[in-house]
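In listed order, ligands and their atoms are each counted from 1. Fair warning: this is a prediction, and the values are worked out from it, not measured in the lab.
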Amino acid sequence: MYEQFTIPGRVAVVEHDGAQFLSVKNQLAEAEICLAGAHVTKFRPAGQEELLWMSPLSGYGVGKKIRGGVPVCWPWFSKNTENPDLPMHGFIRTMLWQLDSVKELPDGSTDAVLSIRDSEESRALWNHKFQLLLTVNIGSALTLKLKTVNTDDQPFTIGQALHTYFRVGDIAAVSIDGFDGKSCLNKVGDDFTQRGPIVIDKEVDEVFHDVPDGAVIHDASLKRDIVITKGNSRTSVVWNPWIAKSKSMADFPDDGYLTMVCVETTNALEDVRVVQPGETLEMTTAYALR
Ligand code: BG6
């Protein structure tokens with residue numbers, strides 16, 4: 001059913017772990033995207049090691065949250081403020097997306113476009129008409145553009161996150177720049193203003209305000225920096241579940257917190273956006289190794 005996207009040796013839809021994935025290889029990188037959730041699960045620039053952290057205990061496929069990679073959280077981030085019984089981080093991360101196109105570009109990178117529209121199932125959770133498109137560019141960087149189209153006749157408000165899990169060598173050897181002087185809503189302690197780089201030595205679940213620019217994850221253990229850039233996002237989330245929360249999550253290894261950190265490009269808290277009928281809204285982020 002996806003044969004029209006195949007480019008022998010480079011692009012194919014493959015099946016494993018009970019789910020379908022778009023597999024992309026080019027001279028610059030290789031990647032996999034699970035069609036359930038439009039969820040990037042692998043990205044490896046040529047000659048380098050994997051950028052993303054994936055839980056070996058993760059489930060895959062329609063109806064399952066994938067633990068690791070790049071969860072797409074939409075149309076709300078975290079708990080739904082009006083109804084906390086609705087799914088955490090919205091509902092499209094567990095739904096089947098459509099694969100719209102795969103295109104090899106002159107610069108050697110590959111663009112894949114996936115989309116999802118409202119359905120009876122989505123309207124039962126959130127009664128709005130929409131189209132959501134994710135463009136994934138697989139090049140020397142991994143670039144993601146998440147575009148919301150309001151196809152309804154009423155405005156709607158969205159929160160969103162590209163909730164990326166980065167692979168690190170040893171969390172004790174990690175520091176994160178880009179948050180100096182920024183205040184945060186701390187979900188696991190008192191709110192505070194960050195001074196200097198972030199280091200992680202306990203559970204961290206922080207939503208930073210007023211962060212229009214990206215961040216850099218310095219990883220002294222793997223001897224690499226992950227450079228995060230972003231557009232149309234004024235909030236960022238830093239998350240590491242640490243010991244007790246790791247143990248409480250069935251799909252997360254007990255020691256998983258030692259080799260991952262989430263740094264998320266978001267529209268959260270005061271940064272939620274109103275999208276008028278017929279309008280589009282695009283949030284972008286990109287990740288490169290150096
Ligand atoms: C983070 C939240 O963004 O996502 C955390 O701030 C949450 O509170 C984490 O635990 C993981 O969420 P989930 O739904 O994927 O388990």
Between Glu82 and Asn80, do the side chains contain a donor N or O and an acceptor N or O under 3.5 Å apart?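 Side-chain D/A pair, Asn80 to Glu82: absent.
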Does any donor atom in the side chain of Lys25 or Thr110 lie under 3.5 Å from an acceptor atom in the other side chain?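 No - no donor-acceptor pair under 3.5 Å links their side chains.
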When you check the gap from the basic side-chain N to the acidic O, do Asp213 and Lys230 get nearer than 4.0 Å?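 No, Asp213 and Lys230 are not salt-bridged.
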So, do His89 and Phe91 have ring centers that fall under 6.0 Å from each other?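 No.
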Do other residues, nucleotides or ligands put more than 12 heavy atoms under 6.0 Å from Lys187 NZ?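 It does: Lys187 NZ has more than 12 such atoms within range.
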Residues in side chain to side chain donor-acceptor pair (under 3.5 Å) contact with Thr235, at least two apart in sequence or another chain: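 Thr235: side chain to side chain donor-acceptor pair (under 3.5 Å) contacts with Thr266, Asp271.
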Using a threshold of 4.0 angstrom between heavy atoms of the protein and any atom of ligand 1, which residues qualify?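 If the criterion is a heavy atom under 4.0 Å, then ligand 1 touches Lys65, Arg67, Phe77, Met88, His89, Arg93, His163, Lys187, Asp205, Trp239, Lys245, Glu264.
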